[in-house]
*Asks:* 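One structure is given below, represented as C-alpha cells, and several questions about it will come after.
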Protein chains: 4
Amino acid sequence: MLAAAEIEFAQRGSETSIADIARRAGVAKGTVFRHFATKEDLITAVVGAHFSRLTVAAQQRWDAQDPGTALWEFLAEAGESLQRQDVAFLQATGESDAAVAAVLVELRAAVEVLVDRARTHEAIRADVTGADVLMMLCAAVHTAGLQPDAPAGLWRRYLVIVIDGLSPAGATPLPELMPR
Amino acid sequence: MLAAAEIEFAQRGSETSIADIARRAGVAKGTVFRHFATKEDLITAVVGAHFSRLTVAAQQRWDAQDPGTALWEFLAEAGESLQRQDVAFLQATGESDAAVAAVLVELRAAVEVLVDRARTHEAIRADVTGADVLMMLCAAVHTAGLQPDAPAGLWRRYLVIVIDGLSPAGATPLPELMPR
Amino acid sequence: MLAAAEIEFAQRGSETSIADIARRAGVAKGTVFRHFATKEDLITAVVGAHFSRLTVAAQQRWDAQDPGTALWEFLAEAGESLQRQDVAFLQATGESDAAVAAVLVELRAAVEVLVDRARTHEAIRADVTGADVLMMLCAAVHTAGLQPDAPAGLWRRYLVIVIDGLSPAGATPLPELMPR
Amino acid sequence: MLAAAEIEFAQRGSETSIADIARRAGVAKGTVFRHFATKEDLITAVVGAHFSRLTVAAQQRWDAQDPGTALWEFLAEAGESLQRQDVAFLQATGESDAAVAAVLVELRAAVEVLVDRARTHEAIRADVTGADVLMMLCAAVHTAGLQPDAPAGLWRRYLVIVIDGLSPAGATPLPELMPR
DNA sequence: AATGAATGAGTGTTCATTCAT
DNA sequence: GATGAATGAACACTCATTCAT
C-alpha cells in the first residue's frame, strides 16, 4: 500500500486521490483510512520513508576512505532516488509536517557528517553546510524533473554544475545565510 | 485582480481557488470569470506576464559592456522576481500551456543571447546553453523558496553556488544532455 | 431583437441565454433588459406574437367559401409556422404565463369558429373542439420536430394522419374530455 | 433514487438539477453521483428503463389472437406509461444519447412487428410504419401533457383521434416521408 | 437610451472522510 | 480487520439580473 502510494505520489504529487492509491494497492478506500487516518498521514509516511532511506544511504558512507568521493556518490545515489519522486512534493511536506520535519533533521545531520569530512579533506568549499548541499541536490533534481520531455538523465547534468559550484576551486564567498 | 492572482498563485500554486483570488481582489467570483474565461486563462496571463518581464530584462542587457557581468546581473534581477513566485508553478505552467510555452521560447532565446556573449568573453563555461542557465536559476530560487522559514535572501546564497558552477574555472565536463 | 430572440428560441428553446440573443441582435445584454425586464417577458413577447399571428391566420379564413378546406389550409399554414419553433417551448409558455394564456384563449376562439363552420358542413367529426384541433396540430408538428435528422416535411405526414383522425369518416366516439 | 429521478424528470425534464433529485430521494448529492457518474448516466438509466418497459409490453403482444386489438391495447398501455413522463424529454434523450438510441431501436422493432401483423389483418392503414405509430402515440400523449390543468385522461381522447387517423377507413394517402 | 462591468445564486462534479455491516 | 455506501464541503464555471456611466 505504501508502494502504491509512492508510485501515485511520484506521478501526480499530492493531488493524487486516495481512491487511485487504493485501486493501485488493490484494496478498498476504507482500508487505506484504517491504516492512515488522514491523507496527510499517508503522505507523511511515504515522504518520511523516502527521507529515511536517504539518511541510511548517507550514514553508510560515514566511514568511507575518500570523503570527497563519498559525498559525490551519496549525491548521485540520492539523486537517483529523488528523481523518481516529485521533489517539490517531498520538500513541501517536509516543511509543513512536524513528523517529517523530524526525519529531515536526521537526514540533514547525516549529510552534515559527510560534508564535514569532505570539508576536512578540502573536497568541498568551506562555506557550505550539509543542509546547503542537500538543497542544491534537490534543486538539480527537481528542476530537471519539471521538464516532462527532457532527456532521462538531465538531472545528472545539473548535478555536475551544482557539484562544480560546491567545489573549492574558484569559489566565490557566499552570503552569510545558512539554511535552517 | 492580476495582482491578487499573482499573490495567491505565489503562495499556493495552481491549487489556489478562484474564490480565494476573488476574495483577495475584493470582487465577486463571477467578475474574475468575466476577465478570464477560464482558470487556465488567468494562470496563463499571470505566468506569461512574469516570463515576459524576464524576457525584457534579458533583452535590456544584450548590449551591455561586460557580457559576464550582464548575465550575472540578469540572473540576480530575475531571481528577485522569481523569488516572489512559486517557481514550480511557473515552470509547470510553461510545460503544460501552449500560450505560455511560446513566451518561454522567447525568454530562452533572450537568455541565449546573453549566454552566447558571455561565452565569447569566457565568462561562462562553454558547455552550457541559455536554457541550462535559466533552469539553474530556477533551481536555486525554487529550492530556497521551499523553506518557508528560511532567511529572506537564501536564494542569493544558492545562486552564488550555481554561478560558481556555471563559471569556467574548474569546470567538470557536462554529460551531453541539452535541455529542450 | 424580437427576431433574434425568435431564432434563438427556435433553435435552443428557453435554455438560450440572453447573451446569445443580444449577440445575434447586435446589441448589448443590458439593452435587452431595458426592453424586457425579465427573460420571461421576452419569452412571453415572442410566444405571444407567434400565437397572435396564428390567430390572424385563422380569422382570415372565417369567411372562406369552403369551411372544410379553410380549416385544413389553416392547419397547413399554422403547421408551417409552428415547425420553425420549438413547439413544446411555445406550449409550455402558454401554460405557465398569464399574458400568453390570454393570447391562447383568443387563438382557440378563432380556431373554434373555423371548426364550428367545418362541423356544420360535416367536414370534421362532430365531437371535437377547436382546442382539440389545435392540440392535434401541435402534436403532429412537435413530434416530427423531435427527430433532428428526419426529412424536412415529416410534420406534413403526421398532419395527414391527424386530419384523417379528425375527419368524420369512420370516427370512433371520443371519450368525453374536453381540453381546457 | 431512480424513482425520485423519474418523478423529477417527468415534471421538469432534463433541466431538473441533481440537487433536487437527491433531495427528493432523501440522499446527499454525492450519493447520486456514486450511482450515476454523470447526470447523463442517470438520464440514460431512467429513459432507457422506460423504453425497455415499453419494448417488453410490445413483445408480449406479438402472439396475440387479434393483431388489431393487440396494437391498440399496446398503445393504450404505453400511453398510460408515457403519460407519467415528460415525453419530449424522453424523445430528446433518445435522439441525443447513443445508449438510449439503441434501446429505441429495439422498441421500434418490437412495435414494427405489431404493426406488420395488424397491417396483414387490415387493422391499420398500409402506409404507416412502426416508427410512425410510435411517434403518433407520443404526439397524443405529449400534447395532452402540455396542459397541466387538463382532465387526467385527456391523452386517451387524443389517442382515439390518432388511432382513427391510423385506421384504414377513409385514409388519405400519406406523403412519402418515412420517419427514421 | 444604450452599454457592459459586476454580481451571486446555482450547476455538475470530485473527493477526503465516516461508519454500519 | 476490511469494505464500500453515504456524505457534504469544495471547485470551476454559467447566467439572469442590476446599475453606474
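Residue numbers start from 1 in every chain, and the chains themselves are labelled A, B, ... in the order their sequence lines are given, proteins ahead of strands. Keep in mind it's a predicted model, so treat the numbers as computed, not measured.
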*Asks:* Whole angstroms only, please: what is the CZ-C1' distance between D/Phe36 and F/dA6?
*Replies:* 15 Å

*Asks:* Determine whether a donor-acceptor pair (N or O, by modelled atom type, separation under 3.5 Å) exists between the side chain of B/Ser17 and the backbone of B/Asp20.
*Replies:* yes

*Asks:* In whole angstrom, give the distance that lies between atom NZ of C/Lys39 and atom P of F/dC15.
*Replies:* 9 Å

*Asks:* With hydrogens left out and only the distance checked, is there a donor-acceptor pair under 3.5 Å joining D/Lys29's side chain and the base of E/dT13?
*Replies:* yes

*Asks:* Given E/dA16, F/dC13, F/dA16, which nucleotide is nearest the side-chain atoms of A/Phe33?
*Replies:* E/dA16

*Asks:* Which whole-number value in Å describes the distance from D/Glu15 CD to E/dT11 C1'?
*Replies:* 12 Å

*Asks:* Could you tell me whether the side chain of C/Arg34 has a donor or acceptor atom within less than 3.5 Å of a complementary atom in the base of E/dA2?
*Replies:* yes

*Asks:* Of all the choices, E/dT7, F/dT17, F/dT14, which nucleotide is nearest to the side chain of B/Ala28 once you look at every atom?
*Replies:* E/dT7

*Asks:* When we call it a touch if two heavy atoms are under 4.0 Å apart, what does D/Ser17 touch: a base, just sugar-phosphate, or nothing?
*Replies:* sugar-phosphate

*Asks:* Can you find a side chain N or O atom of C/His35 that sits less than 4.0 Å from OP1 or OP2 on E/dA1?
*Replies:* no

*Asks:* In this structure, how many angstroms lie between the C1' atom of E/dT14 and the CG atom of A/Asp20, rounded?
*Replies:* 11 Å

*Asks:* Which of these, C/Leu104, C/Val103, C/Val105, sits in a side-chain contact (heavy atoms from CB on, under 4.5 Å) with C/Leu107?
*Replies:* C/Leu104

*Asks:* Could you tell me how far apart D/Arg23 (CZ) and E/dG12 (P) are, to the nearest whole angstrom?
*Replies:* 11 Å

*Asks:* For E/dA1, which nucleotide in any strand shown is its Watson-Crick or wobble partner with both distances under 3.5 Å?
*Replies:* none

*Asks:* Given that C/Gly26 and D/Ser14 both sit by DNA chain E, which one's nearest nucleotide is further toward the 5' end?
*Replies:* C/Gly26

*Asks:* Which heavy-atom pair separates C/Glu6 from C/Val46 by the least distance, and what is that distance?
*Replies:* CA-CG1, 4.0 Å

*Asks:* Output the rounded distance in Å from CD1 (B/Ile18) to P (F/dC11).
*Replies:* 10 Å

*Asks:* Show your reasoning for whether side chain to side chain donor-acceptor pair (under 3.5 Å) applies to D/Thr143 and C/His142.
*Replies:* CA-CA 8 Å; D/Thr143 300; C/His142 173 63; over 6 Å; no

*Asks:* For B/Gly30 and A/Gly30, take the nucleotide of DNA chain F holding the closest heavy atom to each; which residue's nucleotide lies nearer the 5' end?
*Replies:* A/Gly30

*Asks:* Could you tell me how far apart A/Ile21 (CD1) and F/dT3 (C1') are, to the nearest whole angstrom?
*Replies:* 18 Å

*Asks:* Output yes when a side-chain donor or acceptor of D/Thr93 lies under 3.5 Å from a complementary backbone atom of D/Val47, and no otherwise.
*Replies:* no

*Asks:* Kindly say whether B/Glu106 contributes a backbone atom to a donor-acceptor pair with the side chain of B/Thr55 at under 3.5 angstrom?
*Replies:* no

*Asks:* With nearest nucleotide decided by heavy atoms, which residue, C/Thr38 or D/Thr31, maps closer to the 5′ end of DNA chain F?
*Replies:* D/Thr31

*Asks:* Would you kindly give the CG-to-C1' distance between B/Leu42 and F/dC11, to the nearest whole Å?
*Replies:* 15 Å

*Asks:* Taking any strand in view, what nucleotide pairs with F/dT14 in a Watson-Crick or G-U wobble way, both distances under 3.5 Å?
*Replies:* E/dA9

*Asks:* Select from A/Ala19 and C/Val27 the residue whose nearest nucleotide in DNA chain E is closer to the 5' end of that strand.
*Replies:* C/Val27

*Asks:* If we call it a pair only when both distances are under 3.5 Å in a Watson-Crick or G-U wobble match, what pairs with E/dC19?
*Replies:* F/dG4

